[in-house]
Amino acid sequence: MASNQASHPKTSSTKPLLSTYNLVLTAMFAAVLAVISQISIPMPTGVPITIQAFGIALAGAVLGWKLGTISTIVYILLGAVGLPIFANFMGGIQVLAGMTGGYIWGWPFMAALCGLRFHTNNSITDLILSIVMSLVGLMIMEFTGGLQWYLLSGEMTMKAIIIYSFTAFIPKDMILTVAAVIVGRRIQHLLGRHLRQPL
């Protein structure tokens with residue numbers, strides 16, 4: 001006797017690579033980076049003082065390393081194709097190839113490290129680890145930026161660039177990075193149940 005089994009259509013359990021909610025958040029933080037990038041003070045060296053480190057760290061801290069990195073890359077690609085969203089309303093591949101371009105190349109690495117999550121069952125330890133890794137990301141960004149600046153400037157030695165960076169950029173960026181991690185962890189906690197789904 002043939003079995004009379006009812007056939008049921010199989011439902012796919014595969015989740016989309018990016019949910020609509022995560023797509024919106026990724027786009028929103030790319031827009032935040034575009035706005036923050038316009039807050040800058042031009043300097044005689046050609047490298048302006050900005051608060052972009054805060055935006056990059058905040059994107060990573062809120063979105064996590066995957067979405068934070070994607071958001072940063074989206075922002076960079078939009079600027080590279082010509083949208084005037086880099087500092088001082090500049091855009092185009094020439095910005096990435098210019099003296100300040102090295103800092104931009106370092107942003108995805110910084111966003112990724114700022115977005116690492118730690119689960120040691122101790123909130124203070126988790127925060128300290130997040131801050132340490134975020135500062136490592138900041139140093140990578142400062143290194144790539146300083147290296148390209150040195151290679152293209154032709155006027156300043158690497159030692160002079162390092163001294164200038166530790167005077168004009170790095171202390172300010174360290175404070176901004178730590179602040180972004182602390183604020184970002186709070187925002188991430190509020191959005192946590194939406195961001196918990198895997199990418």
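Values reported hereafter were calculated over all heavy atoms of this structure, with side chains retained and with hydrogens, waters and symmetry mates removed.
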Counting distance only, does the side-chain N/O of [X] pair as donor-acceptor with the main-chain N or O of [Y] below 3.5 Å?
X: Gln148; Y: Thr100; value: no
X: Thr144; Y: Gly102; value: yes
X: Gln188; Y: Ala61; value: no

Heavy-atom side-chain contact between [X] and [Y] under 4.5 Å:
X: Phe118; Y: Met133; answer: yes
X: Leu67; Y: Val62; answer: no
X: Pro84; Y: Met90; answer: no
X: Met141; Y: Ile56; answer: no
X: Leu25; Y: Met28; answer: yes
X: Thr26; Y: Leu23; answer: no
X: Asp126; Y: Arg117; answer: no
X: Leu190; Y: Ile187; answer: no

Could you measure the distance from the [atom1] atom of [X] to the [atom2] atom of [Y]? Nearest 0.5 Å is fine.
X: Ile39; Y: Ile51; atom1: CD1; atom2: CD1; answer: 4.0 Å
X: Ser134; Y: Met139; atom1: OG; atom2: CE; answer: 11.5 Å
X: Leu176; Y: Ile36; atom1: CG; atom2: CD1; answer: 9.5 Å
X: Leu138; Y: Ile131; atom1: CG; atom2: CD1; answer: 12.5 Å
X: Lys159; Y: Ile161; atom1: NZ; atom2: CD1; answer: 13.5 Å
X: Ile170; Y: Glu142; atom1: CD1; atom2: CD; answer: 4.5 Å

Indicate, with yes or no, if [Y] and [X] share a hydrophobic cluster defined by side-chain heavy-atom contacts under 4.5 Å among Ile, Leu, Val, Met, Phe, Trp and Tyr.
X: Leu147; Y: Met156; result: yes
X: Phe169; Y: Val178; result: yes
X: Ile70; Y: Leu83; result: yes
X: Trp149; Y: Met158; result: yes
X: Phe54; Y: Leu116; result: no

- Return the orientation label for the Phe86 and Tyr75 ring planes: parallel under 30°, perpendicular over 60°, tilted otherwise.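 Because their plane-to-plane angle is over 60°, the rings of Phe86 and Tyr75 count as perpendicular.
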Shortest non-hydrogen separation from [X] to [Y] and the atoms involved:
X: Gly68; Y: Thr72; answer: O-OG1, 2.9 Å
X: Val74; Y: Ala30; answer: CG1-CB, 4.2 Å
X: Ala57; Y: Met110; answer: CB-CE, 4.1 Å
X: Thr167; Y: Ile163; answer: OG1-O, 2.8 Å
X: Thr177; Y: Ala53; answer: OG1-CB, 4.2 Å

- Task: Examine the side chains of Gln52 and Ser37 and answer whether a donor and an acceptor come within less than 3.5 Å of each other.
- Result: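 Per modelled atom types, Gln52 and Ser37 side chains form a pair under 3.5 Å.
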- Message: For Phe143 and Phe109, I'd like to know if the aromatic rings sit close, meaning centre-to-centre distance below 6.0 Å.
- Response: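 Here the rings of Phe109 and Phe143 have centres that are no less than 6.0 Å from each other.
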- Task: Verify side chain to side chain contact (heavy atoms under 4.5 Å, CB included) between Leu63 and Thr69, making sure each step is shown before the conclusion.
- Result: CA-CA 9 Å; Leu63 300 180; Thr69 303; over 6 Å; no
- Query: Are more than 12 heavy atoms from other residues, nucleotides or ligands located less than 6.0 Å from atom CE of Met174?
  - Reply: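 Atom CE in Met174 is not packed in, count stays at 12 or less.
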- Query: Is atom CZ of Phe89 surrounded by more than 12 heavy atoms (other residues, nucleotides or ligands) closer than 6.0 Å?
  - Reply: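 Incorrect, the count does not exceed 12.
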- Message: Would Asn22 and Ser19 count as a side chain to side chain contact (heavy atoms under 4.5 Å, CB included) here? Give the steps.
- Response: CA-CA 5 Å; Asn22 285 345; Ser19 68; 3.4 Å; yes
- Query: side chain to side chain donor-acceptor pair (under 3.5 Å): which pairs involve residues 101-115, sequence neighbours left out?
  - Reply: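 For residues 101-115: none.
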